[in-house]
Amino acid sequence: MVIRSLNLETVCGITSSLPDNLYPEIAFAGKSNVGKSSLINGLMNRKSFARISATPGKTQTINFYNINEEIYLVDLPGYGYAKVSEKEKIQWGKLIERYLQNSKQLRAVFLLIDIRHAPSANDKTMYEWIAANGYRPVIIATKLDKIKRSQKDKQLKLIREGLSVLPGTVIIPFSSVSKQGRDEIWSYVEEEVLGV
Ligand SMILES: Nc1nc2c(ncn2[C@@H]2O[C@H](COP(=O)(O)OP(=O)(O)O)[C@@H](O)[C@H]2O)c(=O)[nH]1
Ligand SMILES: [Mg+2]
């Protein structure tokens with residue numbers, strides 16, 4: 001994918017109405033600090049267009065990045081941040097649910113899991129929630145550079161088993177440091193979403 005233009009076009013909070021977009025959307029979900037902003041920056045070839053947090057942020061917004069007037073990358077708010085109140089968790093859930101249920105342009109959902117750890121209960125819930133809304137999530141195993149090459153297959157197996165993924169589920173290892181996996185993600189999007 002050649003990035004010719006990009007624009008953070010819409011930022012939706014808990015009370016905002018969601019945009020009625022013209023182009024296909026692909027969404028990214030995952031716990032806070034899993035590397036979602038880094039991945040989105042990597043896909044856009046930018047260092048810091050999407051915010052990267054040293055301390056995991058609490059901002060509960062859905063951000064729509066318009067790429068080339070062709071496709072939207074949708075950054076869903078992260079979950080699992082310890083300092084979030086019960087009320088904020090409920091609002092988070094409602095915002096994501098509203099998006100998953102109502103978007104007419106959502107074509108693919110990517111669920112990010114840190115390759116170093118087995119999926120958490122929250123990750124499993126998120127996976128099932130995405131599936132319950134009719135999507136077959138693609139798993140992105142993030143922070144690939146943090147493990148030894150010899151550990152990769154074992155960690156990927158841990159993720160598959162931890163989430164009880166359906167047979168045929170695509171898992172793409174990714175590193176925002178080496179950018180390994182970037183081309184594979186774009187190829188998937190080009191083939192499965194854009195049909196080019
Ligand atoms: N080594 C390494 N660090 C990463 C990678 N992706 C993200 N990080 C770091 O993990 C932290 C959280 O990243 P961020 O993209 O803000 O996560 P988000 O909360 O999911 O958006 C930051 O310190 C990043 O620099 C990766 O692939 N490799
Ligand atoms: Mg982020």
Side-chain angles (χ1 to χ4, degrees), residues 3 6-14 16 25-67 72-84 88-89 91-93 95-96 99-100 108-127 129-130 137-156 158-159 162-163 170-186 188:
I3 311 296
L6 64 96
N7 176 23
L8 172 54
E9 193 174 281
T10 315
V11 175
C12 287
I14 48 169
S16 320
E25 298 165 359
I26 57 172
F28 298 88
K31 77 170 164 60
S32 64
N33 226 26
V34 71
K36 205 149 45 66
S37 298
S38 304
L39 167 69
I40 290 172
N41 282 326
L43 291 174
M44 299 189 302
N45 290 336
R46 290 296 193 281
K47 271 213 170 78
S48 56
F49 198 86
R51 199 165 45 88
I52 298 183
S53 46
T55 49
K58 292 207 297 177
T59 10
Q60 295 180 310
T61 57
I62 300 182
N63 299 342
F64 292 80
Y65 295 91
N66 179 330
I67 309 236
Y72 288 92
L73 305 191
V74 181
D75 188 0
L76 299 174
Y79 50 84
Y81 184 50
K83 285 183 190 146
V84 164
E88 285 170 311
K89 277 184 203 160
Q91 288 174 333
W92 173 90
L95 178 61
I96 299 223
Y99 175 66
L100 290 179
V109 182
F110 294 86
L111 176 60
L112 279 64
I113 306 283
D114 190 322
I115 199 162
R116 293 172 297 174
H117 311 297
S120 66
N122 282 334
D123 291 327
K124 210 170 158 49
T125 303
M126 191 71 224
Y127 178 84
W129 208 12
I130 295 165
V138 172
I139 310 301
I140 298 180
T142 64
K143 310 196 183 184
L144 175 61
D145 58 283
K146 296 241 191 192
I147 60 166
K148 293 200 191 91
R149 200 168 301 180
S150 59
Q151 294 178 300
K152 186 171 122 183
D153 287 345
K154 180 170 74 74
Q155 292 309 110
L156 293 178
L158 207 62
I159 293 174
L163 295 174
V170 178
I171 302 195
I172 305 175
F174 175 80
S175 164
S176 68
V177 175
S178 69
K179 302 295 183 293
Q180 199 179 327
R182 180 187 182 275
D183 292 348
E184 214 178 325
I185 296 168
W186 272 128
Y188 177 90

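Ligands are counted one by one from 1 in listed order, and the atoms in each one are counted from 1 as well. Predicted model, so just to flag it, every value in this text is computed and none were measured.
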Any Ser32 heavy atom less than 4.0 Å to ligand 1: yes

For Ser38, the ligand 1 atoms whose distance to one of its heavy atoms is below 4.0 Å: 6 (N), 7 (C), 13 (O), 14 (P), 15 (O), 24 (C)

Ser38 near the Mg ion (ligand 2): N/O/S under 2.8 Å: no

Residue Lys36 vicinity, atoms of ligand 1 by number, heavy atom under 4.0 Å: 15 (O), 17 (O), 18 (P), 20 (O), 21 (O)

N or O contact, Gly35 vs ligand 1, cut-off under 3.5 Å: yes

Close-contact set for ligand 1 against Ser175 heavy atoms, below 4.0 Å: 27 (O)

For Lys154, side chain to side chain contact (heavy atoms under 4.5 Å, CB included) partners two or more places apart: none

Geometric class of the Phe64/Tyr99 ring pair [parallel <30°, tilted 30-60°, perpendicular >60°]: perpendicular

Sidechain-backbone polar pair: Gln60 side chain, Glu88 backbone, donor-acceptor under 3.5 Å: yes

Within-cut-off N or O pair, Phe174 and ligand 1, under 3.5 Å: no

4.5 Å side-chain heavy-atom contact, Val109 and Leu111: no

Side-chain heavy-atom pair Ile113, Val34 within 4.5 angstrom cut-off: no

Test item: side-chain donor near acceptor, Ser120 and Asp123, under 3.5 Å: yes

Ligand 1 to Ser176 polar contact by distance, N or O atoms, under 3.5 Å: yes

For Val177, the ligand 1 atoms whose distance to one of its heavy atoms is below 4.0 Å: 1 (N), 2 (C), 28 (N)

Region of Asn33 that comes within reach of ligand 1 [heavy atoms, distance under 4.0 Å]: both

Heavy-atom closest pair, residues Gly181 and Phe174: C-CD1, 3.9 Å

